[in-house]
Amino acid sequence: MLATVPHEAIHVPSPIERLNELAFNLWFSWNQDALQLFESMDPVKWKSSGHNPVRLLQNLDTPDLQALSQNSAFLERYQQVMSRFDMYMNDPAWYQTNHPQEDFVQIAYFSAEFGFHESLPIYSGGLGILAGDHIKSSSDLGIPLAGIGLLYKKGYFTQKIDASGSQQSELFPYDFNQLPIRPVMQNDQQLTVSIDVPGRTIHLNIWAVTVGRNLVYLLDSDHAANDEEDKTLTSQLYGGNQDTRIAQEIVLGIGGVKTLRALGIYPNVYHINEGHAAFLTLERLKELLHLGLSFHVAVETVRSATVFTTHTPVPAGHDTFSVGMIEHYLGPLFSEIPKHKQSIIALGLDHKSGQFNMTHLAMNTAGLRNGVSKLHGQVSREMFKEFHGHIDASEVPIGSITNGVHLDTWTAPAWKELFDRFLPGTWRAEQSNHHQWAQVEVIPDESIWKVHQQLKEDLVRHARHSLMEQRKRNGESEERIEEVRNYLNPKALTIGFARRFATYKRANLIFNDLYRLRKIINDPDRPVQFIFAGKAHPADYPGQDIIREIYRISQLKEFLGKIVILENYDIHMARYLVQGVDVWLNNPRRPLEASGTSGQKAAMNGVLNFSVLDGWWEEGYNGSNGWAIGTTGAADWAAQEKENTKAIYHLLENEIIPLYYNQGDLPHQWIQRMKRSVQTLSPVYNTHRMVQDYTNLTYLPTAKRARLFVADHYDVATKVADYKQFIRSNWHQVRIISIDDHSDKSTSEVPLDEIAPSTKEITAQIQFGPIWPQDTAVEVIYYEENDESWEQKMILMTPIGELLDQTQSFQATIPSHLIHGPHFSIRVRPISTNFAHSFELSLVTSTLS
Ligand SMILES: *Cc1c(COP(=O)(O)O)cnc(C)c1O
């Protein structure tokens, strides 16, 4: 019987029974009227439920629910929300309108974490929130995508900061029956899948989260039939040791594919969101090998349907396991396909370290790969150069799709009201179109300042509340608790810094010169204050030291109430911060921030970014929509630190503070910058644009290739595999025999002061052995100086004359000043229209080597 996600769950009186549907669809999390509807049912219980509508409905008493179901004002709002919800669920969206032919596309998106809303704590930070926002925009745009993730019994840790400034991490087991998720049912039982690990079988419960029109399936190992130890396998996100880690990744990748099969889902696009999920390719390989495909054909088939996004240039961010661990944990898989064990290990082996690297596995099994900003794409191409032989980094087939954030989730309702009033009615659906945002110009300065000021007051209230609760819990004196009431000034220039306290993010950089900082902060006419927040991984001791340092400085007399650090940074607190501060500070070591997304959230709320030109900001900054902290390219951390510190103080003192306090009735110039920020950054750094890019650049081409590869009994996959094998075994016969570059002639003919660029003909003779010349590209490669760097140029040579004795001549027209040897080289590389990119075979014959 087909698996289903049942609707009935909590008993609600029939006039409002669809609240059940609403509570179990994360659509509520980005729709203010839905959130307000729940809140209005019982504001106290709403708060104590952690903004979780499922818990709210469970905690409401029957008489209260009865009363609400007869309250006409409530009913009216309920109807309004439900009709908006129905419209959302049923109206054709971007994908249906723009890609009506592509109804065969089915995408599976695998991620170790998903951050949708504070009511579903299965995320730790940026990666998870990106995944959550990806699913939300996919739903908004009507993209046929299902998510696969893990359901962590204890989520990620809750952070407390004690009276000495030390982070305390706490874990609470969640009751799955109180989360906005539902069991997937089959034959009146929860659907389960099982995976084999050495010596035993692990059973996994399958749950589903509904996110608008899309479903995300979550796997959890707390199953009665499991060993005690296995029951806790999925209990913590990024918890445990290497053994936990590899087992979780096997559950995600292998269990995830099995889940799709149990549901009858056979995607033609598998998106690996960061290396954690890369084992999914091994389960698919095994399936294909069981069908009788050869290893090479199976790999080509898997590759044709796989997209990989890498998220970090920090080496420690790439998961690695010893080969011994791989042999042990994947033992059961290898025992099913024993002949292929070494070939499979080779797919993930990093020859330099001798370790099995999940990023290598993903790189080797994904047809298309991308980084998450232009700069990160560039850095990744450098990092993975060795994957493709001796080619220029610019040619390494790793693209980039810059991250974004789900605009409806992260933009304050008050801002959205302004957009509703002043922007075209299509601004939300067509948010990635710049023209929709031009009208931000006409929003009156007073309206913007009023909205911003209100959000700042909300933040200050929230921060004070959080600090008071913290001090009460830490058993501090009444005086210490009471003094928080005067902390933070809603009129002062407020700078926010919140993110994971990884050391490369350098949260303490601003403290490099405390004397100078003291002067800045304590200027009576132009006060400045800082709000910090963030968690450090429990095993990251240097990160926790930074928390202690910030805490200690926040307790110095001259900074009291002007520098604060808030505990337990999560989605809920992030909303207050990115909407309520004036300036969002970000000063990582460049280029270690692959993209960063919190600054994007800030930008769409008119909060000005003040950031190192790293990640997304390198492409987002335009000179007038925030501030750039300059950085030299060199990875000399000490030099960077010095330079960045100087720039930060200088910009604060000479630009940011004067601009903010340059107000008569209103800081018009500041507001002008806020408008620039919203206008130029909102249309680009949202997940609608991002998911549209993924669809056009990766999902659609991948789905088409995948369909092509499997058709007619894997005909194309077989041809590609055979072709690659043939080319590999014969490539050594490809030789560049001679080059005639006519340079002696042309240099004598062309006067040195010639201004118009002149050209010359060159020819080359190439011996191919049994390889068809048509299966290769013959190219002239040279370099041209471009600003401060050298850019590789390429001219395709065309065949002339006949193929004789397996030898073919080629010609090209090139700039006449180029001389073979010192100025240009010629190379031959294999090509195929069935390749996903130019260097699927890392075979290049060149006059260089
Ligand atoms: C957006 C967000 C992040 C990621 O922010 P970065 O700028 O990428 O570091 C982390 N945690 C929370 C709670 C967020 O909302």
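When the ring-ring contact (aromatic ring centres under 6.0 Å, His included) test is applied to Tyr329, no partner is found at least two apart in sequence or on another chain. In terms of the salt bridge (Lys or Arg N to Asp or Glu O under 4.0 Å) criterion, residue partners of Asp693 (sequence neighbours excluded) are, by chain and number, Arg689. Contacts of Val299 classified as side-chain contact (heavy atoms from CB on, under 4.5 Å), with partners at least two apart in sequence or in another chain: Leu285, Phe295, Arg303. Remark: Tyr109 engages Asn273 in a side chain to side chain donor-acceptor pair (under 3.5 Å) (not counting sequence neighbours). In this structure, the salt bridge (Lys or Arg N to Asp or Glu O under 4.0 Å) partners of Lys231, at least two apart in sequence or on a different chain, are Glu228. Judged as a salt bridge (Lys or Arg N to Asp or Glu O under 4.0 Å), and not counting sequence neighbours, Asp722 has no contacts. In this view, His406 and Asp140, Thr409 satisfy the side chain to side chain donor-acceptor pair (under 3.5 Å) rule, not counting sequence neighbours. Residues that satisfy the side chain to side chain donor-acceptor pair (under 3.5 Å) test with Glu327, not counting sequence neighbours, are absent from this structure. Under the rule for a side chain to side chain donor-acceptor pair (under 3.5 Å), Glu274 has no partner lying at least two apart in sequence or in another chain. Remark: Glu287 pairs with Arg261 by the salt bridge (Lys or Arg N to Asp or Glu O under 4.0 Å) rule, at least two apart or across chains.
Between the side chains of Thr402 and Ser373, no donor-acceptor pair of N or O atoms lies under 3.5 Å. For the residue pair Arg55 / Ser119, no side-chain donor-acceptor distance below 3.5 Å is found, with atom types taken as modelled. Side-chain contact check for Thr210 and Asn25: no donor-acceptor pair (N or O, by modelled atom type) lies under 3.5 Å. One side chain, Thr201 or Asp196, offers a donor N or O that lies under 3.5 Å from an acceptor on the other. Donor-acceptor pairing under 3.5 Å is lacking for the side chains of Asp715 and Thr718.
Gln236 CD to Thr244 OG1: the interatomic distance, rounded to the nearest 0.5 Å, is 8.5 Å. His340 NE2 to Phe334 CZ: the interatomic distance, rounded to the nearest 0.5 Å, is 11.5 Å.
In this structure, Gln544 contributes its side chain and Ala536 its backbone to no donor-acceptor pair below 3.5 Å. Counting only distance, with no hydrogens or angles, the side chain of Gln159 and the backbone of Gly534 share a donor-acceptor pair below 3.5 Å. No side-chain donor-acceptor contact under 3.5 Å links Asn205 to the backbone of Pro183. Without hydrogens or angle criteria, Asn187 side chain to Gln189 main chain gives no donor-acceptor distance under 3.5 Å. The backbone N or O of Ser139 lies less than 3.5 Å from a partner atom in the side chain of Arg213, making a donor-acceptor pair. For His388 (side chain) and Phe839 (main-chain N/O), a donor-acceptor pair under 3.5 Å exists by modelled atom type.
A distance below 6.0 Å separates the ring centres of Phe176 and Trp207. Between Phe114 and His134, the gap from one ring centroid to the other reaches at least 6.0 Å. For Phe387 and His360, the gap between ring centers is short of 6.0 Å. The aromatic ring centres of Tyr238 and His276 sit less than 6.0 Å apart.
The aromatic rings of His271 and Tyr694 are tilted relative to each other, their planes meeting at an angle between 30° and 60°. By the 30° and 60° cut-offs, the orientation of the rings of His318 relative to Phe384 is tilted.
For the pair Arg707 and Phe104, the distance from NZ or CZ to the six-membered ring centre is under 6.0 Å and the angle to the ring normal is within 45 degrees. Because its NZ or CZ atom is both nearer than 6.0 Å to the ring centre of Phe157 and within 45° of the ring axis, Lys535 counts as a cation-pi partner of that residue. Phe24 carries Arg182 over the face of its six-membered ring, with the cationic atom under 6.0 Å from the centre and within 45° of the normal.
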Side-chain atoms of residues 146-155: list all donor-acceptor pairs with protein atoms under 3.5 Å, sequence neighbours left out, distances to 0.1 Å.
residue	atom	partner	partner atom	Å
Tyr152	OH	Ala112	O	2.6
Lys153	NZ	Tyr174	O	2.9

Can you give the donor-acceptor pairs under 3.5 Å from side chains of residues 250-257 to other protein atoms, not counting sequence neighbours?
none

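In this structure, Ala366 and Val307 approach most closely via the heavy-atom pair CB-C, 4.2 Å. Of all heavy-atom pairs between Thr310 and His376, the closest is O-CE1, 3.1 Å. Among all heavy-atom pairs drawn from Gln106 and Ile265, the shortest one is CG-CG2, 4.0 Å. Between Glu113 and Gly125, the shortest heavy-atom distance links the atoms OE1-N, 3.3 Å.
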- request: Starting from the C-alpha separation in whole Å, work towards a yes-or-no answer on side-chain contact (heavy atoms from CB on, under 4.5 Å) for Tyr270 and Thr702.
  value: CA-CA 9 Å; Tyr270 293 80; Thr702 298; over 6 Å; no

message: Under the criterion side-chain contact (heavy atoms from CB on, under 4.5 Å), I'd like the reasoning laid out for Ile571 against Phe116: C-alpha separation, chi angles, the key distance, then a yes or no.
response: CA-CA 8 Å; Ile571 290 179; Phe116 297 112; 6.0 Å; no

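Taking the side chain as every heavy atom from C-beta outward, Arg369 and Thr309 never approach each other to under 4.5 Å. Taking 4.5 Å as the limit, every side-chain heavy atom of Glu593 sits out of range of all side-chain heavy atoms of Trp616.
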